[in-house]
K.L.:
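Pasting a structure here, questions to come.
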Amino acid sequence: MHTYLEAIREGIWEEMERDPAVFCIGEDIGVYGGAFKVTEGFIHHFGSDRVIDTPIAEAAIVSAAFGASLTGMRPVAEFQFMDFISCAHNQIVNMVAKSNYRWNAPAPLVLRGPSGGGVSGGPFHSQNPETTYAHTPGLKVICPATAHDAKGLIKSAIRDNNPCLFFEHKFLYRRIKEELPAGDYTVEIGKARTHREGRDVSVITYAAMVYVAQEAAEILAKEGIELEIVDLRTIAPLDREEIANTAKKTNRVIILHEDHKTGGIAGEIAAIINELAFDDLDAPIVRIAALDTPVPFSPPLEKFFLPKVEDVVREARRLRSY
Amino acid sequence: MKAKLNKAREKSASPAERSHSGTHSANGAGTKFKSGEPIRFNSHGIPDYRLEVPDFHTVEEWVDGEFRYKVEGDLSVEPPPLRDSKYLNKEQTIDIYRYMLLNRKMEQTLENLFKQQKVVGGVYLGLGQEGCSCASAYGLREGDWIGPMIRNQGALLVRGFKPRDVMMQYMAKSGAPTGGRDAGSHFGDKHKHHIAAPISMLGDLIPVLAGVALGARMQGKNIACLTWVGDGGQSTGPTYEGFNFAAVQKLGVILIVENNLWAYSTPVDRQVACRDLADRAIGYGVPGFIVDGTDPNQVYDVTYEAAQRAYAGEGATLIEAKMMRMRGHAMHDAAAYVPKDYFEYWKKRDPIVRMEKYLLEKRWLSEKENTALIAAVQKQIDEDRDFADASPYPEGSTAGERVFCDNAVEIGFGYGKPKFKKSDKQRAAKSTGAVHLS
């Protein structure tokens with residue numbers, strides 16, 4: 001059995017064994033093994049030349065990873081928390097994302113780290129900043145929900161010739177345990193997955209919210225409402241075809257994410273359904289997302305802030321009888 | 001009403017610093033400079049290769065409702081000759097001079113093209129800074145990388161781009177290195193010239209060049225990675241983050257701070273409180289040097305020596321080159337905020353004039369040879385201008401291409417397959433560690 005976190009660790013480890021271009025860089029990833037221990041043990045096996053502890057300098061980490069990629073290396077850079085991606089925002093959106101377009105210099109690097117709430121991390125250790133980067137041309141944005149996908153997608157991200165932002169969900173790190181296929185496998189970037197087949201209402205979601213949708217589906221199944229759950233797995237590029245397919249199948253769509261509602265990817269997905277499957281809709285598209293507030297710290301506040309199973313149950317019932 | 005911008009600094013000057021500035025006046029008008037003079041050290045022990053240490057400040061004055069800058073200090077001093085290079089021979093020195101001419105004439109042509117409205121957007125000139133740009137880039141060897149800033153177009157020429165490439169960039173033509181996707185000096189080349197394309201945000205290439213040096217080292221090669229930043233640009237966070245990372249990792253990054261006194265319209269006295277930006281080397285824990293940025297020999301020598309340290313794995317070097325930006329920030333800016341006295345002082349220190357005089361006096365170049373060289377450079381510039389002018393714009397419909405690199409493309413190693421040491425024990429990825437926020 002592998003946890004979600006172990007799947008990521010094994011994916012990076014195997015890629016480092018497979019390809020000498022791959023190395024890790026970040027804060028406290030060496031002897032300490034990273035704040036969440038994703039790279040635990042790496043330094044003992046690969047050495048400090050290949051598992052590089054850096055100063056607390058996110059802009060330097062991203063830029064140095066980019067610079068190394070210009071020589072053909074494939075860096076895997078860790079943000080201790082994805083909230084700190086804002087410290088390297090300029091380097092990501094201006095230096096890295098635009099380099100192939102501007103001067104034909106591909107940037108095969110992975111920027112990874114823990115995102116998401118549900119653990120009382122407060123406003124700076126719980127955020128979901130992924131959509132900002134889905135909005136930036138030149139980046140791939142990956143948000144896995146399962147251990148299987150986490151391993152397969154981190155490997156694809158490392159092998160990809162483009163900058164990939166890999167948003168791990170810290171709530172899932174040790175809560176998800178799965179049997180993984182033996183040996184090397186990858187999961188294609190940009191392809192959604194049907195997490196649960198259903199005929200009545202589609203829930204299009206990703207990351208930790210897949211499990212919120214699943215709990216809702218179990219409750220609703222007892223009432224005869226069958227939810228279809230589509231796990232996007234990557235939000236850039238979006239799997240437009242799969243989004244349209246599920247909308248055409250159930251004719252009723254909920255888009256669920258942990259990011260804030262305003263400007264979240266749900267708005268984009270709703271627009272895609274509007275473009276590709278408007279005539280198939282039997283009800284308005286519903287968005288369920290976190291509040292438009294900072295992520296609050298205290299458990300009752302954060303619980304109120306995050307989308308809940310009962311939100312999905314309530315909205316699915318409403319759409320079913322629309 | 002009059003106020004020194006650097007009041008605080010003046011007050012806190014140590015006795016050593018005060019007595020040091022006392023020696024400046026010994027370099028007043030009439031002093032004979034010798035090119036073989038030993039180097040001096042500033043009050044913080046930073047080696048200063050300059051043959052003159054001018055003592056002037058930008059001060060504010062508010063006269064008749066007008067707020068303006070004014071120079072305080074003696075600006076009447078005649079410039080010294082160039083310092084003799086420890087390394088450059090006659091041919092190399094003439095070659096640097098040729099690149100400086102190419103740089104200036106290219107930019108003069110760009111100015112004309114701008115006036116003819118053939119340039120899209122602005123033009124950024126390195127007038128007065130050609131010596132620093134060209135001589136520093138000349139100090140590297142093949143396989144080294146550079147990360148230029150807007151006023152380092154001379155360095156692009158030294159590293160193998162042609163004036164026509166720069167001109168087509170400014171004219172937004174399809175034949176330009178970015179094919180019209182980015183402007184001016186915002187271009188680079190991974191494979192042949194080893195140039196990282198700058199972005200508009202300042203200081204950002206410093207950590208990138210550190211990463212290039214890191215990648216090369218993983219592939220078994222210590223290279224020199226030369227990049228430049230202005231007195232304005234060095235105020236940014238990435239400058240500190242990047243150069244500190246290079247220092248910690250002992251990467252061969254050579255950072256030349258081109259202190260050209262003006263960051264757009266803001267005098268350096270409003271940018272930093274220290275007298276010499278090279279003093280910051282002490283904080284980074286790397287060697288620091290001060291050079292006269294209008295003396296190509298000094299610039300070459302310190303860069304060359306920094307590169308040798310990089311090859312030997314001895315790490316980064318910080319060089320401050322002092323000079324002045326002799327035009328506005330870009331073509332639209334008349335630089336009316338710069339006191340005229342400054343222009344008079346630095347005009348006498350035009351690097352091309354100084355270099356020409358040096359070569360003629362040394363008899364490394366005769367008047368006739370010099371005239372022929374200038375004419376040959378002008379011919380090349382004219383040909384390149386005509387080529388750039390005649391080349392087409394890109395097809396608009398290609399705007400959507402190349403956002404991503406196809407995964408079928410093989411990205412090779414710049415310096416060969418990495419060779420890492422490995423633990424003698426066979427291990428597997430696993431852990432049981434405890435963490436917070438789980």
Side-chain angles (χ1 to χ4, degrees), chain A residues 6 9-10 12-14 20-21 23 33 35-37 40-42 44-47 49-50 52 54-55 57-60 62-73 75 90-91 94-95 98-106 108 119-121 125 137-138 140 159-162 170 173-174, chain B residues 145 177-178 181-182 186-190 196-197 199-201 204-216 218-219 237-238 240-242 244-245 248-249 402-407 409 411-415 417-423 425 427-431 433-438:
Chain A
E6 285 161 356
R9 176 189 296 135
E10 203 171 88
I12 302 169
W13 183 286
E14 286 176 12
F23 73 96
F36 286 86
K37 304 293 180 193
E40 186 169 47
F42 278 46
H44 303 304
H45 188 63
F46 297 108
D49 290 344
R50 227 176 153 193
I52 301 170
T54 67
E58 285 79 10
V62 170
S63 303
F66 171 65
S69 81
L70 293 176
T71 69
M73 302 301 290
N90 176 46
Q91 284 68 29
N94 286 321
M95 185 72 78
K98 295 174 175 51
S99 71
N100 197 63
Y101 188 77
R102 292 168 62 233
W103 61 292
N104 218 352
V119 296
S120 281
H125 292 75
K140 297 188 179 181
R159 295 179 196 184
D160 203 282
N161 280 350
N162 299 282
K170 67 175 83 65
Y173 266 158
R174 288 175 169 79
Chain B
W145 274 69
T178 66
R181 281 154 183 247
D182 202 347
H186 284 190
F187 63 100
D189 174 64
K190 247 181 70 155
I199 61 173
S200 295
M201 295 72 195
D204 277 23
L205 275 182
I206 299 166
V208 171
L209 274 273
V212 171
L214 181 70
M218 287 172 167
Q219 294 164 28
Y240 174 76
E241 287 197 20
N244 181 57
F245 177 74
V248 169
Q249 283 286 334
R402 219 178 70 198
V403 175
F404 291 101
C405 172
D406 195 293
N407 278 327
V409 172
I411 300 176
F413 293 116
Y415 302 90
K417 196 173 164 179
K419 290 178 197 78
F420 293 112
K421 283 179 291 222
K422 225 171 149 182
S423 161
K425 269 200 173 139
R427 292 167 190 269
K430 61 171 192 240
S431 105
V435 292
H436 70 317
L437 291 183
S438 55

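Being a predicted model, the structure only gives us computed values, none of them experimental.
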K.L.:
Can you name the residues that form a ring-ring contact (aromatic ring centres under 6.0 Å, His included) with B/F187, not counting sequence neighbours?
P.N.:
B/F161
K.L.:
Among the options B/L214, B/N244, B/V248, B/L209, pick out the one with the most heavy-atom pairs lying under 4.5 Å from chain A.
P.N.:
B/L214
K.L.:
Looking at side-chain heavy atoms only, is the closest gap between B/L205 and A/M95 below 4.5 Å?
P.N.:
yes
K.L.:
Relative to chain A, which segment of B/N407 carries a heavy atom at a distance below 4.5 Å: side chain, backbone, both, or neither?
P.N.:
both
K.L.:
Given A/N100 and B/V403, is the side-chain contact (heavy atoms from CB on, under 4.5 Å) satisfied, shown in steps?
P.N.:
CA-CA 6 Å; A/N100 197 63; B/V403 175; over 6 Å; no
K.L.:
Using non-hydrogen atoms and a 4.5 Å limit, figure out which bit of B/F413 sits close to chain A: side chain, backbone, both or neither.
P.N.:
both
K.L.:
Check whether A/E58 gets within reach of chain B through its side chain, its backbone, both or neither, counting any heavy atom under 4.5 Å.
P.N.:
backbone
K.L.:
Measuring heavy-atom distances to chain A, does B/I206 have an atom under 4.5 Å in its side chain, in its backbone, in both, or in neither?
P.N.:
neither
K.L.:
Heavy-atom distance under 4.5 Å to chain A: side chain of B/K190, backbone, both or neither?
P.N.:
both
K.L.:
Counting heavy-atom pairs under 4.5 Å with chain B, which one of A/I52, A/N104, A/D49 comes out on top?
P.N.:
A/N104
K.L.:
Please state whether the side chain, the backbone, both or neither of A/W13 comes within less than 4.5 Å of a heavy atom of chain B.
P.N.:
side chain
K.L.:
With chain A as the partner, which of B/Y240, B/F404, B/W145 has the greatest number of non-hydrogen pairs under 4.5 Å?
P.N.:
B/F404
K.L.:
Counting only non-hydrogen atoms closer than 4.5 Å, does A/I12 touch chain B with its backbone (N, CA, C, O), its side chain (CB onward), both, or neither?
P.N.:
neither
K.L.:
Between A/E10, A/E14, A/R50, which residue shows the highest count of heavy-atom pairs closer than 4.5 Å to chain B?
P.N.:
A/R50
K.L.:
Counting only non-hydrogen atoms closer than 4.5 Å, does A/P108 touch chain B with its backbone (N, CA, C, O), its side chain (CB onward), both, or neither?
P.N.:
side chain
K.L.:
Please classify the contact of A/S99 with chain B as side chain, backbone, both or neither, using a heavy-atom distance under 4.5 Å.
P.N.:
neither
K.L.:
Out of B/P207, B/P418, B/C405, B/A213, return the one with the most heavy atom pairs under 4.5 angstrom to chain A.
P.N.:
B/C405
K.L.:
Using a cut-off of under 4.5 Å on heavy-atom pairs, state which of B/Q249, B/M218, B/H186 scores highest against chain A.
P.N.:
B/M218
K.L.:
Which residue out of A/G47, A/G121, A/A21 racks up the most heavy-atom pairs below 4.5 Å with chain B?
P.N.:
A/A21
K.L.:
Indicate every side-chain donor-acceptor pair of residues 64-72 of chain A with a distance under 3.5 Å to a residue at least two apart or in another chain.
P.N.:
unit_1, atom_1, unit_2, atom_2, d
A/S69, OG, A/F66, O, 2.7
A/T71, OG1, A/A68, O, 2.7
A/T71, OG1, B/Q219, NE2, 3.3

K.L.:
Under a 4.5 Å heavy-atom cutoff, which of B/M201, B/R402, B/R181 has the most pairs with chain A?
P.N.:
B/R402
K.L.:
Report yes if some heavy atom in the side chain of A/R102 is under 4.5 Å from a heavy atom in the side chain of B/I199; otherwise report no.
P.N.:
yes
K.L.:
How far apart are the closest heavy atoms of A/P20 and B/F420, and which atoms are they?
P.N.:
O-CE1, 3.2 Å
K.L.:
Can A/N94 and B/D204 be counted as having a side-chain donor-acceptor contact under 3.5 angstrom?
P.N.:
no
K.L.:
Would you say that A/P106 contacts B/I411 through its side chain, given a criterion of any heavy-atom pair below 4.5 Å between the two side chains?
P.N.:
yes
